[in-house]
Amino acid sequence: MDEPRITVYGSATEITIAANAAGLRDLAERLHGLAEPDLRDGYHEHLEGGINLEEGSISLILARDETL
C-alpha cells in the first residue's frame with residue numbers, strides 16, 4: 001500500500017485538501033475517531049506540514065464541536 005500523502009492549501013475564501021487513496025483513508029479514520037461517542041467536546045487533532053501533511057501544506061485542525 002502507498003504511504004498516505006495529504007496536502008492542504010487555499011486562500012481566504014477556499015481551502016483544498018488533496019490526497020492519494022491512502023491519505024484519504026487516513027483522513028477518514030481520523031474523522032471516524034473524532035466521532036467516537038466516548039470522546040468529549042473540544043477534542044481535536046493538529047496536522048502540520050512536513051509532519052502528517054506534505055511539506056508546504058498549511059496546518060489543518062480537525063475538531064469535535066458539539067455546539068454545531
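From a predicted model like this one, the values you see are computed outputs, not experimental measurements. Numbers for residues simply follow the sequence, beginning at 1.
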Counting C-beta onward and ignoring hydrogens, is there a side-chain heavy-atom pair between N52 and E45 closer than 4.5 Å?
no
Out of curiosity, L34 CG to D65 CG, how far, rounded to the nearest 0.5 Å?
11.5 Å
Heavy-atom nearest pair, P4 first then D26, reads CB-CB, 4.2 Å
Within-4.5 Å side-chain heavy-atom neighbours: I15 and L60
no
Point-to-point distance, once rounded to the nearest 0.5 Å, from CZ of R25 to CD1 of I6
11.0 Å
Give me the atom names and distance for the closest heavy-atom approach of D41 to E66.
OD1-N, 2.6 Å
Nearest 0.5 Å, please: how far is CD1 in I17 from CG in L47?
9.0 Å
If you draw a 6.0 Å radius around CZ in R5, do more than 12 non-hydrogen atoms from other residues or ligands fall strictly inside?
no
Specify the closest pair of heavy atoms between H44 and I61, including all atoms of both residues, with the distance to one decimal.
CB-CG2, 4.1 Å
Between the NE2 atom in H46 and the CG atom in L53, the distance rounded to the nearest 0.5 Å is 12.5 Å
Atom CZ of R40 and atom CZ of R64: how far apart are they, to the nearest 0.5 Å?
10.5 Å
Please tell me if the side chains of V8 and T16 come closer than 4.5 Å, counting only heavy atoms from C-beta onward.
no
